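As structure tokens, the structure follows; a few thoughts come after it.
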Amino acid sequence: MNHLWAKKVEKDGDLYWLPLAQHLNDTAAVIGLLWEHWLSKGQKNLVISSVGDEEKAKNVTQLLGYLHDQAKCTPAFQTKKSYSRSDDLDKQLLEKLEKEGFIGISTLSLTNPTKSVHALAGQALLESYGVNQSFSSIIGGHHGKPVESSHDVSVQLESYEANYFQNEKEADPIHQKWKVLQKEIFNEGLAKFDFKDSRAIPELSQSACVILEGLLIMADWIASNEAYFPLIGIDEDDSAISQEERIQTGFKKWFKTCIWQPEDFDDVVTLYKDRFGFEPRDVQAKLSESIQQASEPGIFILEAPMGVGKTEAALVAIEQLALKTGRSGMFFGLPTQATSNGIFPRIKEWLANITEDAKQNQSLELLHGKAALNDEFDKIPKAQGIDIDGEENGTIVTNEWFHGRKTGILDDFIVGTVDQFLLSALKQKHLALRHLGLSKKVVVIDEVHAYDAYMGQFLYQAIRWMGAYGVPVVILSATLPGERREELVKNYYLGTGKKWKDAVKPDNLAIQNAYPLITYSDGNKIEQVTQFEKQEGYQVEIHRLDDNELLGTLEGCLSGGGIAGIIVNTVRRAQELYHLISNQFGLENVELLHSSFIATQRVNKETNLMSKIGKNAIRPDKKIIIGTQVIEQSLDIDFDILFSDLAPMDLLIQRIGRLHRHEIKRPEKLTIPKFYVLGTSQTFEFNSGSKAVYGDYLLMRTQHFLPEQIRIPSDISVLVQETYAKDEIDLGEDYLKAKNDQEVFLDCKEQRAKTFRLSNPNKPNKGNLIGWLNNPNPDDREERGSAQVRDSSDSIEVIVVKKTKTGISLVDEDNDLDLSIDAKRLATNTIRLPQALSTIRMIDKTISELEIYNKKKLFDWQIQSWLKGSLGIILDENNQFLLNGYRLTYDLQLGLTYEKEEVNG
DNA sequence: AATAAAAAAAAA
Ligand SMILES: [Fe+3]
């Protein structure tokens with residue numbers, strides 16, 4: 001088989017190829033090294049338990065590597081043209097085969113060569129030798145998507161005989177020659193990896209199949225990377241290559257950090273002191289304790305208010321769980337890019353502490369769509385490589401191989417958007433890579449209370465798969481509605497292959513209203529921790545307020561100074577209130593914050609806010625901050641008095657969390673925390689904006705259960721459970737209609753999510769990957785879901801600049817931009833266009849107008865790597881831009897406003 | 001006529 005090719009390319013007039021034999025050797029060796037040095041213990045155990053013993057497990061793995069491109073030994077593949085369109089190269093390689101006796105291959109023209117792509121063909125050949133479908137389906141899926149049905153495989157050899165054997169005459173010597181050669185490769189593989197015949201290759205569980213599929217793709221990508229495993233000159237004597245050396249150098253170029261061995265610490269208290277310099281506080285200690293005494297730790301849900309140290313608790317949990325379950329990395333998922341960026345330095349510090357202790361380098365990845373723009377991530381040094389003999393100094397590094405869009409999730413320590421986790425439940429090509437990456441780690445998901453029903457569907461399913469892999473999961477959240485809490489545990493539990501009815505669980509699992517609360521699984525037991533140190537807590541007064549009383553109340557409350565917050569439900573309302581209130585109180589005393597600001601300006605505004613009313617800030621005498629929901633999301637700021645539009649109970653409580661958050665001295669009039677709720681209604685008729693955002697049902701229930709005072713934190717869970725309970729309350733006919741609407745609404749969301757959602761994992765017996773990524777109902781136009789993990793119509797993001805006399809500048813600067821210097825900075829000046837411009841009716845026209853505009857005015861952006869693919873708009877001297885019938889105006893104080901353009905005549 | 005906030009989109 002020395003004359004078959006696996007890869008070929010013409011570069012600078014020189015011809016290169018990679019002989020098939022070489023590529024098979026390379027891949028088998030690389031996958032073997034990955035097994036030894038990269039897979040975590042937990043992952044290996046999963047495969048081993050499916051196969052019998054470790055030696056056999058490694059052999060199966062290497063056999064996959066060796067046989068993955070077996071079907072490149074077919075006329076269908078060998079007659080493929082080179083990508084570089086090099087006729088000379090193609091011809092020379094075919095001549096090699098002619099000389100070997102494959103007469104006629106040079107002139108062979110197959111009717112359907114693409115019907116037998118080599119992954120599928122490989123599976124077909126293996127099945128014809130009697131290899132089981134677990135193993136063969138991994139070969140069949142090694143290009144990212146497993147075959148759709150057994151039938152597709154079984155018809156191959158008969159229907160497309162010539163693709164495999166050059167002609168359809170079985171007795172023909174050339175037909176035979178192909179067959180013999182293919183079988184020879186197979187037999188060599190068996191011999192090399194110690195299987196006596198095709199029946200000796202063991203079957204695998206479905207979860208083991210996915211992990212090995214991922215590992216095979218990974219090994220193939222590494223072995224196909226010319227920087228690690230170079231092609232060979234076509235006239236070069238390849239027998240001179242030292243295999244041992246080729247593998248060693250190739251692998252070392254890729255392998256930059258050793259596998260993480262979690263520290264075998266003595267006790268949790270010392271670990272806390274070591275990592276963070278303090279002893280664990282109550283909630284932290286209780287979580288650590290639960291993990292410590294669990295014999296089969298699974299999922300841990302920690303519901304607790306901000307400020308109890310959930311992040312540190314999770315980081316220590318990662319170390320504990322990694323040690324207990326044999327994991328070698330972690331994924332820390334957050335709801336937004338901004339929160340990921342925000343937590344990144346803290347996690348970096350924790351990891352630095354670990355690497356220093358262990359005297360071993362580890363690589364850290366920030367994983368989201370705009371990670372490349374983050375400086376903290378950017379300044380992590382590139383890994384130099386492993387110094388086997390010398391001791392490493394133990395620093396954080398990055399390995400560029402993991403910066404690819406699909407390889408990112410394979411890195412060992414990852415901070416990223418939760419989407420990266422949710423995507424593991426979405427049917428898409430190369431999904432096995434994502435599963436491979438996650439199954440290596442401990443998974444932490446933060447701020448789970450913030451996810452809607454659509455994301456929830458993906459979260460549950462992703463968690464279920466984690467259960468199947470035995471991956472420990474830590475969920476951090478504010479109070480969860482009991483039903484969601486139960487779904488989380490249940491899905492994990494089902495993933496492990498057990499029956500929910502056999503679970504030993506507390507009766508009030510779903511209605512438990514303690515807060516803080518830890519719920520966790522330990523083997524077949526579900527346990528809850530409800531006893532925590534009694535917290536002092538505090539009482540918040542709730543007052544309902546009419547819009548027309550707002551100014552007067554503000555005036556009265558702030559007469560002795562103080563910081564007031566006003567959180568409303570729509571951007572437009574925030575902007576209107578800003579006008580009204582700044583008129584009365586003066587521009588200098590009022591701030592506005594919402595998402596319709598350019599991203600950089602918003603970051604500045606938030607930093608500014610933190611410096612004024614964040615923790616330990618020196619507070620201004622008087623300030624009114626008006627904003628939308630951005631204020632309730634993870635900003636650690638502190639208001640003396642707070643006003644809010646009516647919103648669902650859990651969100652109101654999130655907002656209340658910003659009221660008297662820290663213990664500081666406050667103006668005399670504002671020493672009692674008061675929370676004013678705007679937009680309530682005797683008749684339960686709410687304003688259209690609030691309705692559109694939250695729906696009538698939740699607003700009605702919230703208003704119904706809204707008390708006159710709330711004790712923080714003890715009332716929190718009770719109120720949330722009441723609001724989200726399914727019981728009947730008598731609020732008349734409108735309520736029943738709203739309830740029905742809500743059910744339909746949620747049902748639609750869930751259905752949409754399920755369209756492209758991955759199916760349940762199999763029970764942990766034998767399985768295969770056939771049909772794993774099949775699209776269930778491709779023609780079902782109704783309820784068509786799109787392949788995404790967030791439920792939203794597409795919104796359009798643009799970069800905003802303004803016109804100057806001599807060029808263009810950023811909106812809050814006047815210096816002309818120089819693309820060769822400013823491209824990266826420019827790329828961060830984005831804003832999302834109003835929904836009105838991206839409705840189904842409008843979006844195509846909006847985008848095409850933008851594209852035409854960009855081609856004309858901003859064509860020079862497209863050659864900048866930072867700007868490639870982005871759309872920009874240039875504001876005129878009035879800070880305006882006309883787009884698809886709308887007049888957009890950007891104001892530094894107000895943010896983006898828009899109005900329909902007057903059509904005259 | 002719409003209405004918050006939020007993310008993502010390439011393979012051997
Ligand atoms: Fe390959």
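First the proteins, then the strands, lettered A, B, ... as listed; each starts at 1. Remember, predicted model here, so these are calculated numbers, not experimental data.
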Check: Across the strands shown, which category fits A:Arg602 at heavy-atom distances under 4.0 angstrom: base, sugar-phosphate, nothing?
Finding: sugar-phosphate
Check: Looking across every strand, which nucleic acid part, if any, lies under 4.0 Å from A:Lys900 by heavy atom: base, sugar-phosphate, or nothing?
Finding: nothing
Next item on the list: Report which part of the nucleic acid A:Asn687 touches: base, sugar-phosphate, or nothing (heavy-atom distance under 4.0 Å, all strands).
Entry: nothing
Next item on the list: Check the distance between B:dA2's P and A:Tyr886's OH and give it to me in whole angstrom.
Entry: 7 Å
Note to self: Tell me the interatomic distance from A:Tyr898, atom OH, to B:dA2, atom P, rounded to whole angstroms.
What the structure shows: 9 Å
Margin query: Rounded to whole Å, how long is the line connecting atom CD1 of A:Ile840 with atom C1' of B:dA1?
Written below: 14 Å
Notebook entry, point to check: Touch check for A:Thr628, heavy atoms < 4.0 angstrom, all strands: base, sugar-phosphate only, or nothing?
Noted result: sugar-phosphate
Next item on the list: With the side chain of A:Thr336 defined as its heavy atoms from C-beta on, choose the nearest nucleotide among B:dA6, B:dA2, B:dA8.
Entry: B:dA6
Next item on the list: Find out whether A:Trp401 and A:Asn225 are in side-chain contact, i.e. whether some heavy atom of one side chain is under 4.5 Å from a heavy atom of the other.
Entry: yes
Check: Considering only B:dA11, B:dA5, B:dA7, which nucleotide approaches the side chain of A:Arg832 most closely?
Finding: B:dA7
Notebook entry, point to check: Can you tell which of B:dA2, B:dA8, B:dA4 lies closest to the side chain of A:Thr570?
Noted result: B:dA4
Note to self: What's the separation between atom CG in A:Asp645 and atom CD1 in A:Ile567, rounded to the nearest 0.5 Å?
What the structure shows: 9.5 Å
Check: Under 4.0 angstrom, heavy atoms only, what part of the nucleic acid is A:Ser792 near: base, sugar-phosphate, or nothing?
Finding: base
Margin query: Just the rounded figure in Å: distance from C1' of B:dA6 to CG of A:Asp794.
Written below: 13 Å
Check: Taking the six-membered ring of A:Tyr898, is the NZ or CZ of A:Arg572 close enough (under 6.0 Å from the centre) and on axis enough (within 45°)?
Finding: yes
Notebook entry, point to check: Over how many whole Å does the gap from A:Asn225 atom CG to B:dA11 atom C1' extend?
Noted result: 11 Å
Notebook entry, point to check: For A:Arg790 and B:dA8, what is the distance between atoms CZ and C1' respectively, to the nearest whole Å?
Noted result: 9 Å
Check: For A:Asp791 and B:dA7, what is the distance between atoms CG and C1' respectively, to the nearest whole Å?
Finding: 13 Å
